[in-house]
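Quick notes on the structure that follows.
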Amino acid sequence: QVQLVESGGGLVQAGGSLRLSCATSERAFGSIAVGWFRRAPGKEREFVAAIRRTDGFRYYADFVKGRFTISRDNAKNTVALQMNSLKPEDTAVYYCAARIVSDIDYDSAMAASTYNYWGQGTQVTVSS
């Protein structure tokens with residue numbers, strides 16, 4: 001069982017920044033690839049970013065490229081999502097998800113079904 005705990009959400013004005021964090025246990029951290037997804041009101045869940053377990057390679061949705069950065073902090077057993085230049089359309093509940101053992105690739109990174117465990121979500125609201 002892998003537990004994921006997100007934090008860092010909140011209310012920010014358009015153009016501002018937030019840093020989300022996804023924490024798990026030291027035992028689990030080395031075995032997981034991690035993805036971030038989001039769900040806006042009335043919309044389907046969508047892929048945001050992901051980072052591979054083995055080499056730290058990163059994948060991003062087109063709509064966040066150049067604005068968001070995903071990173072792993074091995075010392076803290078966390079995966080962060082740094083979000084800059086936020087827009088009102090970024091408003092959503094953000095979820096981190098973990099895939100254990102097998103790493104991700106370009107196709108699997110973006111599929112929610114790839115991931116075995118999910119966090120509870122953290123709300124991000126961007127005001128105009």
Side-chain angles (χ1 to χ4, degrees):
Q1 189 76 10
V2 175
Q3 291 188 322
L4 304 171
V5 179
E6 300 105 330
S7 61
L11 172 64
V12 65
Q13 288 188 329
S17 299
L18 283 174
R19 185 178 180 87
L20 305 184
S21 182
C22 176
T24 188
S25 67
E26 180 178 2
R27 179 179 178 181
F29 188 74
S31 302
I32 60 173
V34 176
W36 283 95
F37 289 75
R38 70 185 188 186
R39 177 171 286 169
K43 295 187 177 181
E44 297 291 318
R45 179 173 51 189
E46 61 182 353
F47 169 76
V48 176
I51 188 164
R52 287 168 54 90
R53 174 180 64 84
T54 50
D55 57 9
F57 191 83
R58 303 163 186 178
Y59 304 94
Y60 295 98
D62 287 343
F63 56 80
V64 302
K65 285 181 179 177
R67 300 190 299 126
F68 292 10
T69 302
I70 188 171
S71 61
R72 297 178 73 108
D73 187 332
N74 294 329
K76 296 182 179 179
N77 303 317
T78 60
V79 173
L81 184 68
Q82 178 66 43
M83 306 187 295
N84 300 327
S85 302
L86 283 162
K87 305 174 182 180
E89 51 264 43
D90 293 319
T91 295
V93 178
Y94 284 71
Y95 300 89
C96 72
R99 175 170 178 161
I100 59 173
V101 184
S102 299
D103 215 338
I104 54 177
D105 58 21
Y106 178 79
D107 290 326
S108 63
M110 294 181 283
S113 59
T114 289
Y115 300 90
N116 310 104
Y117 298 96
W118 292 80
Q120 80 287 352
T122 186
Q123 176 71 46
V124 171
T125 303
V126 184
S127 63
S128 56

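These values consider heavy atoms only, across backbone and side chains, with no hydrogens, waters or symmetry-generated copies.
For T54 and R52, the side-chain atoms include at least one donor-acceptor pair closer than 3.5 Å. Side-chain N/O atoms of N84 and S17 include a donor and acceptor closer than 3.5 Å.
Looking only at side-chain heavy atoms (C-beta outward), L20 and E6 stay at 4.5 Å or farther from each other. Contact check for R38 versus V124: no side-chain heavy atoms found under the 4.5 Å cut-off. Here the side chains of E89 and F63 are not in contact, with every heavy-atom distance at 4.5 Å or above. Looking only at side-chain heavy atoms (C-beta outward), D103 and F57 stay at 4.5 Å or farther from each other. Side-chain contact between Y117 and I32 is absent, with no heavy-atom pair separated by less than 4.5 Å. The shortest side-chain heavy-atom distance between L86 and F68 falls under the 4.5 Å cut-off.
Put simply, the side chain of T78 never gets that close to the backbone of C22: no donor and acceptor are under 3.5 Å apart. A distance-only check finds no donor-acceptor pair linking the side chain of R72 to the backbone of V34 [under 3.5 Å]. Within the 3.5 Å criterion, the main-chain N or O of A50 finds no donor-acceptor partner in the side chain of Y60. The closest donor-acceptor contact from the side chain of T91 to the backbone of V126 lies under 3.5 Å.
Taking hydrophobic clusters as Ile, Leu, Val, Met, Phe, Trp and Tyr residues chained together by side-chain heavy-atom distances below 4.5 Å, V64 does not share a cluster with I104.
Salt-bridge formation is detected for the pair D62/K65: a Lys NZ or Arg NE/NH1/NH2 atom is positioned less than 4.0 Å from an Asp or Glu carboxylate oxygen.
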Stepwise side chain to side chain contact (heavy atoms under 4.5 Å, CB included) test for R99 and S108: CA-CA 10 Å; R99 175 170 178 161; S108 63; 3.8 Å; yes
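Taking the six-membered ring where tryptophan is involved, the planes of F37 and F47 are perpendicular, since the angle between them exceeds 60° and thus also 30°.
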